[in-house]
Amino acid sequence: MDTMRISAGAEKIPVKCNSLSSLVTRRWRTKTFPARIRNWRLLSVKSISSNTKTLVTDSEQVASSIKHHSEFRPLFSPEKFELPKAFFATAQSVRDALIVNWNSTYECYNRVNPKQAYYLSMEFLQEPDPALGNGGLGRLASCFLDSMATLNYPAWGYGLRYKYGLFKQIITKDGQEEAAEDWLELSNPWEIVRNDVSYPVKFYGKVVFGSDGRKRWIGGEDVVAVAYDVPIPGYKTKTTINLRLWSTKAPSGDFDLSLYNSGKHTEAAEALFNAEKICYVLYPGDESDEGKALRLKQQYTLCSASLQDIVARFETRSGGSVNWEEFPEKVAVQMNDTHPTLCIPELMRILMDLKGLSWEDAWKITQRYLLKMTVSLVLIYPDLLKEKLNAMRILENVELPSAFADVIVKPESKPVIAEKTIDLSEDAKEDAQTDVIVKPESKPVIAEKTIDLSEDAKEDAQTDVKKEVEEEETAGVIAEVIPEPPKMVRMANLAVVGGHAVNGVAEIHSEIVKTDVFNDFVKLWPDKFQNKTNGVTPRRWIRFCNPYLSDIITNWIGTEDWVLNTEKLAELRKFADDEDLQSEWRAAKKKNKLKVVSLIKERTGYTVSPDAMFDIQIKRIHEYKRQLLNILGIVYRYKKMKEMSASEREKAFVPRVCIFGGKAFATYVQAKRIVKFITDVGSTINHDPEIGDLLKVIFVPDYNVSVAELLIPASELSQHISTAGMEASGTSNMKFSMNGCILIGTLDGANVEIREEVGEENFFLFGAKADEIADLRKERAEGKFVPDPSFEEVKQFVRSGVFGSNKYDELIGSLEGNEGFGRADYFLVGKDFPSYVECQEKVDKAYRDQKRWTRMSILNTAGSSKFSSDRTIHEYAEDIWNIKQVELP
């Protein structure tokens, strides 16, 4: 094996050329650096050669590049070449290599000018743990970027560059505490600031007419969004796409030097702070009006800066003549959740105010294709009409301009027939009128909702409204003085109306969207609604994070093609009962468990046995995800253990290490109570000598992607136990299944499809179904629910003081009563508790038969091929974005 020496000043460090990552992965004195170093392995010398076709892998050249960066681009003092400096120098040398393909990718796109997809998300959870996300939403976005690049789709990601992230979670005797993330304190070696790419973003102000008769937005608060770019390389392809993150600042002229020199330093810099704070924290607390405003500013900044950038790129690629009708043929914008919904009015503003298009033309473009759709109207009775319009409204408590506010006509004796349309051609209007169904025996009110109104319609509406007001005044009606309700935008409704397509992210979720959440819209635009079940990248979530299992898969199916074509994982099914495979499979799991034993000792001080079952629930802490159900089940298990003799316990229960991880939002009081309860239970059980290794409860603090990459490969049972119908999809369930973990869960989100793919016998199912939830809540409200004795027993045990002086009244109280805020067990913990306990008994029984359990584990991996993000991205590209693959020459 060759040895190279990296020089730094007088010091020379010998490094074996194929273990460079080992040098960099040793720990150093800070707490945050080990995770970064650990994740750097993905871009080791070996990985570089597989990700690109033009990069050098000669050890001398690699060493020379690292040496160059350590000397000429120093982020640390030149006297010493310690591990932090080694990491940054190495990362920068790798980034330089990526830039070659990065530039080639966009030179190709600029030349070919394909239709390009743009993925806007408030979160991106990447490596090594930049503080850009909190959970599945951000990790999904990063998985999608990986698949877009690997599959050679022309695409780009947009997000915000949060200086302090969500928060760093600290667990104390009082529960969860929060501290600012410090991920940027040493800078980010992967990003490149683009000081020449910046856009103005405006807040507040007013609209005035200019001398040319056009409206202008003036005054208010101006900030500048500056681009920071991160390369996203594909796997075994030259394609390297871009993640552009926006950071905000104020123009230099906003610093008031006069105030500063007069001693008013804070006031002088107020504009700078107001601009920069937009990108300080992910999801700032929104209990206050200021917090709500800041969240809205974040969302608008993402939308405005990104769209200005997209429009500018479209104009550049169009050359000398810009045809705006071609914009939908070159651009597809995907909004991840409702956070980027302001893209719709912002694109309208850009096209109308800045590019001079009419409302009609701008609206057609915004919907991403030339939509000519007229909505057929049916007879609507007054009460039903009010209900439907209320469900489908976009603006809440907002006084609209007369052109919009006076749309609804309320005749006293005869119906007014009108149309609801997006396209306002005369043919469309006539079609709408002929589609009205009238029932003579009724007295209907048929509403008109259009974007444009004739002058006669406006006058009629104004006259009727004025008449109603006069009649109320004559009758002496005195309105009660109440506080003005807040003005709000219904983001989801706006997204549906303005979007080209709306998709759920799991089959059950998409059905709920169509039959419940947006049923009124589905009746209007049935073809707009689709399903695109989420997926995760197998490169990150098997190949990288679980090398032991990856090698086994490759050896047994005879190829590593499964990393790109996960359908090949199904070939493992024919070996599921093979004793040699099962032996190797268990050995790989044991190695991964030993890593977690070390992690737990390092992070919590607790010692756990690698021979126990590893039972894991790692998600953001939320009542609907039901970490409370899990910990109450553990408490019930503990109680039953204490009632038995040692021999009885060993016979009745399989040893378990129950591991939790996740952050409770800083202002989500009930979620923080759950964290406190879990840690209190763990403190009691883990110090109980009678129980020993038979049961341990661990809460891993500051859960993040790096921790997940250790826990998921080591997991044997994973809990996905949300109240049915409340989880959109979930993606951690897919990662666990891919890694041979067996799930216990409800028929919620992607659990439904995972169970279908891996086999019902390889999934532990319990709990109420989604279509039963409404009736169960109604039953509770009517006082008809009778809790199971086991549930009453566990609540009483909690209140007995066994876990300390805290009686957990607020937490347990939320599971009691029949109505009221924070009461009545909205998430049906009590209802599902007996079913959950019974299912856990089945888990114990199955685990005792290790041959059966290992077979179930193998079949989970074999059945997980559907849940690759590659499949999801192919579906988006074909069914929604209409983009084609572009492979670099």
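What you see below is based on every heavy atom in this structure, not just the backbone, and it leaves out hydrogens, waters and symmetry mates. Residue numbers count from 1 along this sequence. Keep in mind it's a predicted model, so treat the numbers as computed, not measured.
Remark: the backbone N or O of C279 is not paired with any side-chain donor or acceptor of R161 at under 3.5 angstrom. Listed for the N531 side chain is a donor-acceptor partner under 3.5 Å among the backbone atoms of A506. Remark: side-chain polar atoms of N762 are paired, donor with acceptor, to backbone N or O of V758 under 3.5 angstrom. A donor-acceptor contact shorter than 3.5 Å is absent between the side chain of S857 and the backbone of C741. Between the side chain of T861 and the backbone N or O of G740 there is at least one donor-acceptor pair closer than 3.5 Å. Formation of a donor-acceptor pair under 3.5 Å by the S814 side chain with backbone atoms of L811 is found in this model. Without hydrogens or angle criteria, T566 side chain to S868 main chain gives no donor-acceptor distance under 3.5 Å. Side chain of T872 to main chain of T533: a donor-acceptor pair is present (N/O by atom type, distance under 3.5 Å, no hydrogens or angles). In this structure, R540 contributes its side chain and C545 its backbone to no donor-acceptor pair below 3.5 Å. Looking at E810, its side chain never comes within 3.5 Å of a backbone N or O of G822 through a donor-acceptor pair.
With contacts defined as side-chain heavy-atom distances shorter than 4.5 Å, the pair K735/I618 does not qualify. Looking at L695 and M641, their side chains come closer than 4.5 Å, going by heavy atoms from C-beta outward. Inter-residue side-chain proximity for I685 and I634 is flagged as met; some heavy-atom pair is nearer than 4.5 Å. In this structure, the side chains of L184 and Y164 stay at 4.5 Å or more apart for every pair of heavy atoms. Residues K590 and P610 have side chains in contact (heavy-atom distance under 4.5 Å, counting atoms from C-beta outward).
Side-chain atoms of S869 and S147 include a donor-acceptor pair closer than 3.5 Å. Side-chain contact of Q617 with S718: a donor-acceptor pair under 3.5 Å is absent, judged by distance alone. E123 and N134 share no side-chain donor-acceptor pair at under 3.5 Å. For the residue pair T537 and D146, a side-chain donor N or O sits within less than 3.5 Å of a side-chain acceptor on the partner. No side-chain N or O of N739 forms a donor-acceptor pair with one of S737 less than 3.5 Å apart.
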Between K163 and E181, does the salt bridge (charged side-chain N to carboxylate O under 4.0 Å, His left out) criterion hold? Intermediate values first, please. CA-CA 8 Å; K163 184 175 183 179; E181 284 274 10; over 6 Å; no
Residue pair R539, D870: steps toward the salt bridge (charged side-chain N to carboxylate O under 4.0 Å, His left out) verdict: CA-CA 10 Å; R539 270 79 61 187; D870 294 351; 2.7 Å; yes
Verdict with supporting geometry, H622 and Y668, ring-ring contact (aromatic ring centres under 6.0 Å, His included): CA-CA 9 Å; H622 197 291; Y668 190 175; 5.0 Å; yes
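Atom CG of L628 is separated from atom CG of D825 by 8.5 Å, given to the nearest 0.5 angstrom. If you take CD1 on I698 and OG1 on T604, they are separated by 4.5 Å, rounding to the nearest 0.5 Å. Atoms CG and CD1, on N546 and I553 in that order, are 7.5 Å from each other to the nearest 0.5 Å. Atom-to-atom distance recorded for Q840:CD and K845:NZ is 15.5 Å, nearest 0.5 angstrom. For the atom pair CG of L569 and CG of N860, the computed distance is 12.0 Å after rounding to the nearest 0.5 Å. With rounding to the nearest 0.5 angstrom, the CD1 atom of I712 is 11.5 Å from the CG atom of N592.
Applying the salt bridge (charged side-chain N to carboxylate O under 4.0 Å, His left out) test to pairs two or more places apart or on separate chains, those with a residue in residues 667-684 are E178-K672, K676-D680. Screening residues 702-735 for ring pair (Phe, Tyr, Trp, His ring centres under 6.0 Å), with sequence neighbours left out, gives H720-F736. A salt bridge (charged side-chain N to carboxylate O under 4.0 Å, His left out) check over residues 737-756, counting only residues at least two apart or in different chains, returns the pairs E753-K866, R755-E760. Applying the salt bridge (charged side-chain N to carboxylate O under 4.0 Å, His left out) definition to pairs two or more places apart or across chains, those involving residues 831-840 are R626-D832. The salt bridge (charged side-chain N to carboxylate O under 4.0 Å, His left out) pairs that include a residue from residues 714-729 are K593-E716, K625-E727, where partners are two or more places apart or lie in different chains.
The ring-ring contact (aromatic ring centres under 6.0 Å, His included) check on Y548 picks up nothing, with sequence neighbours excluded. Qualifying salt bridge (charged side-chain N to carboxylate O under 4.0 Å, His left out) partners for K532, counting only residues two or more places apart in sequence or in other chains: D879. Considering only residues two or more places apart in sequence or on other chains, Y283 meets the ring-ring contact (aromatic ring centres under 6.0 Å, His included) condition with H339. In this structure Y162 satisfies the side-chain hydrogen bond (donor to acceptor under 3.5 Å, both in side chains) test with no other residue, sequence neighbours excluded. Taking F144 as the reference, Y119, Y876 meet the ring-ring contact (aromatic ring centres under 6.0 Å, His included) condition, with sequence neighbours excluded. Residues satisfying the ring-ring contact (aromatic ring centres under 6.0 Å, His included) test with F833, not counting sequence neighbours, are Y636, F791. Here R620 pairs with nothing under the salt bridge (charged side-chain N to carboxylate O under 4.0 Å, His left out) rule; sequence neighbours left out.
Between R295 and D286, at least one side-chain N (NZ, or NE/NH1/NH2) sits under 4.0 Å from a carboxylate O, which counts as a salt bridge. Salt-bridge annotation for R871 and E875: present, with a side-chain N of the basic residue lying under 4.0 Å from a carboxylate O of the acidic one. Of the charged side-chain nitrogens involved, none lies within less than 4.0 Å of a carboxylate oxygen, so that E761 and K842 do not count as a salt-bridged pair. The pair K640-E793 meets the salt-bridge criterion, since a charged nitrogen lies less than 4.0 angstrom from a carboxylate oxygen. Ion pair K769/E772 not flagged as a salt bridge, since none of the NZ, NE, NH1 or NH2 atoms sits closer than 4.0 Å to an Asp/Glu carboxylate oxygen. Ion pair K168/D702 not flagged as a salt bridge, since none of the NZ, NE, NH1 or NH2 atoms sits closer than 4.0 Å to an Asp/Glu carboxylate oxygen. Ionic pairing of R637 and D844 is present here: one or more N-O contacts between side-chain nitrogen and carboxylate oxygen are shorter than 4.0 angstrom.
Note: Y638 and F803 have tilted aromatic rings, judged against thresholds of 30 and 60 degrees for the angle between ring planes.
Heavy-atom minimum distance, F614 versus A714: CB-O, 3.7 Å. Among all heavy-atom pairs drawn from S142 and F124, the shortest one is OG-C, 3.8 Å.
For the pair R777 and Y826, the distance from NZ or CZ to the six-membered ring centre is under 6.0 Å and the angle to the ring normal is within 45 degrees.
Aromatic rings of F827 and Y624 (six-membered ring for Trp) have centroids beyond the 6.0 Å cut-off, not under it.
Under the side chain to side chain contact (heavy atoms under 4.5 Å, CB included) test applied with I678, the options I674, V681, V675 reduce to a single match, I674.
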